[in-house]
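First comes the structure, then the notes that go with it.
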Amino acid sequence: MSLEDASSLEPVNNNPQHIAIIMDGNGRWAQKRFLPRAMGHQAGVKAVRKIVEFCAQQEIEVLTLFAFSSENWRRPEEEVSLLMNLFLVTLQREIDKLNENKIRLQFIGDRTAFSEKLQKIMSDGELLTKNNTALTVVVAVNYGGRWDMCQAFRKVAEKMDAGLLASQDITEHLINQHLSTVGLPEPDLFIRTGGEQRVSNFLLWQLAYTEMYFTSILWPDFDQQALADAIKSFRSRQRRFGHTGEQILNQTIPLEQL
Ligand code: FPP
C-alpha cells in the first residue's frame with residue numbers, strides 16, 4: 001500500500017492483505033533425498049497449490065510468488081528448460097481450477113523472453129480470470145526489482161520526452177502507477193523460505209514498509225501451518241510507517257496521515 005493510499009490501512013493486528021514469497025530451497029529439498037533437482041521443483045508446485053488454497057481460505061487479497069528471476073537464466077540450460085516446461089504444464093493444468101475458484105491470475109516480469117506458447121498461456125490465463133474477485137495470485141517470472149524500476153522510469157521518461165509530464169510531476173504515486181504492480185496493494189508480509197536472508201532483487205520498490213519473515217523451511221515443505229506461523233508473526237508486529245509506537249497505540253494519527 002502506498003503512503004498516499006493509506007486511508008484504507010488495515011488495523012495493526014489484522015491479516016496481511018498482500019503476501020509476497022521467495023520460494024527457495026527446491027534444489028536442496030531434492031538433494032537431501034538423493035533426487036534430481038527437477039523433483040524438487042515438482043514438489044515446489046505442490047506446495048504452491050497448498051499455499052494458494054490456504055490464502056484463498058484465509059481471504060488474503062494478493063499472493064505474489066517469485067517463480068523465476070531475471071538472474072535464473074544463469075542456471076544450467078537443462079534446469080532452465082525444465083522450469084519453463086513445468087510452468088507451461090502447471091499453467092495448462094491449473095488455470096481452469098483457479099478460475100472456478102474465482103482466483104485472479106496475473107504475471108509480472110519481462111515475458112518477451114519466453115516461448116510464444118508460454119506467453120499465450122499467460123495472457124489467456126490473465127484474460128480468463130481478470131474479473132475474478134477472490135484471491136489474486138501474481139506470479140513473478142523473468143522478474144527483477146531493478147528491471148521493474150527501469151521499465152517504470154523509461155515509461156515516465158518517454159512521457160516527458162513527449163511533453164506529457166514535467167519533472168515536478170515525478171512523485172512516488174506516479175512511479176507506482178508505472179510499476180508492473182500497478183493497482184496492487186504493497187506487500188504487507190514478505191516471506192523467504194530456504195534459510196537465506198536476502199531480498200534477491202525481488203520487489204525492491206514495493207517492499208519499503210513490508211514486514212520481513214525468513215524461515216529455514218525448504219519451499220516444498222512450506223505448508224499451511226508454516227504460513228499460519230508467518231502470519232502469526234506478522235500479527236505480533238507493530239507497523240509504524242515512521243510514526244512512534246505511542247502514536248500507533250493511542251491511535252492519535254488521522255488515518256490519511258498513516
Ligand atoms: C528456488 O529453489 C525455486 C525456483 C527457482 C523455482 C520456483 C518455481 C516453482 C516452485 C514452480 C512454480 C510454478 C508456478 C506456475 C507458479 P532453488 O532451485 O533455488 O533451490 P536451492 O536453493 O535449494 O537450490
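The chain is numbered in sequence order, starting from 1. Whatever order the structure lists them in is the order used to number ligands and atoms, beginning at 1.
Every side-chain contact (heavy atoms from CB on, under 4.5 Å) that R75 has, sequence neighbours left out, goes to R37, H41, N72, E79, V80. In terms of the side-chain contact (heavy atoms from CB on, under 4.5 Å) criterion, residue partners of R198 (sequence neighbours excluded) are, by chain and number, R192, E196, S200.
In summary, the side chains of N142 and W147 do not present any donor paired with an acceptor at a separation below 3.5 Å, with no hydrogens or angles considered.
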Between the protein and ligand 1, which nitrogen or oxygen pairs come in under 3.5 Å, and how far apart is each?
unit_1: ligand 1; atom_1: 2 (O); unit_2: G25; atom_2: N; d: 3.4
unit_1: ligand 1; atom_1: 2 (O); unit_2: N26; atom_2: N; d: 3.4
unit_1: ligand 1; atom_1: 18 (O); unit_2: R37; atom_2: NH2; d: 2.9
unit_1: ligand 1; atom_1: 18 (O); unit_2: R75; atom_2: NH1; d: 2.9
unit_1: ligand 1; atom_1: 19 (O); unit_2: D24; atom_2: OD1; d: 3.2
unit_1: ligand 1; atom_1: 19 (O); unit_2: R75; atom_2: NH2; d: 2.7
unit_1: ligand 1; atom_1: 20 (O); unit_2: G25; atom_2: N; d: 3.3
unit_1: ligand 1; atom_1: 20 (O); unit_2: N26; atom_2: N; d: 3.1
unit_1: ligand 1; atom_1: 20 (O); unit_2: G27; atom_2: N; d: 3.0
unit_1: ligand 1; atom_1: 22 (O); unit_2: D24; atom_2: OD1; d: 2.9
unit_1: ligand 1; atom_1: 22 (O); unit_2: R28; atom_2: NE; d: 3.4
unit_1: ligand 1; atom_1: 22 (O); unit_2: R28; atom_2: NH2; d: 3.0
unit_1: ligand 1; atom_1: 23 (O); unit_2: G27; atom_2: N; d: 3.3
unit_1: ligand 1; atom_1: 23 (O); unit_2: R28; atom_2: N; d: 2.7
unit_1: ligand 1; atom_1: 23 (O); unit_2: R28; atom_2: NE; d: 2.8
unit_1: ligand 1; atom_1: 24 (O); unit_2: R37; atom_2: NH1; d: 3.1
unit_1: ligand 1; atom_1: 24 (O); unit_2: R37; atom_2: NH2; d: 3.1

For residues 151-164, which side-chain donor-acceptor pairs fall under 3.5 Å, sequence neighbours excluded?
unit_1: Q151; atom_1: OE1; unit_2: K155; atom_2: NZ; d: 3.1
unit_1: Q151; atom_1: NE2; unit_2: D148; atom_2: O; d: 3.2
unit_1: Q151; atom_1: NE2; unit_2: D148; atom_2: OD1; d: 2.9
unit_1: Q151; atom_1: NE2; unit_2: H178; atom_2: O; d: 3.1
unit_1: K155; atom_1: NZ; unit_2: H178; atom_2: O; d: 3.3
unit_1: K159; atom_1: NZ; unit_2: H178; atom_2: NE2; d: 2.8

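Heavy atoms of other residues, nucleotides or ligands lying less than 6.0 angstrom from CZ of R146 number 12 at most.
There is a path of hydrophobic side-chain contacts, each under 4.5 Å, that joins V199 to L179.
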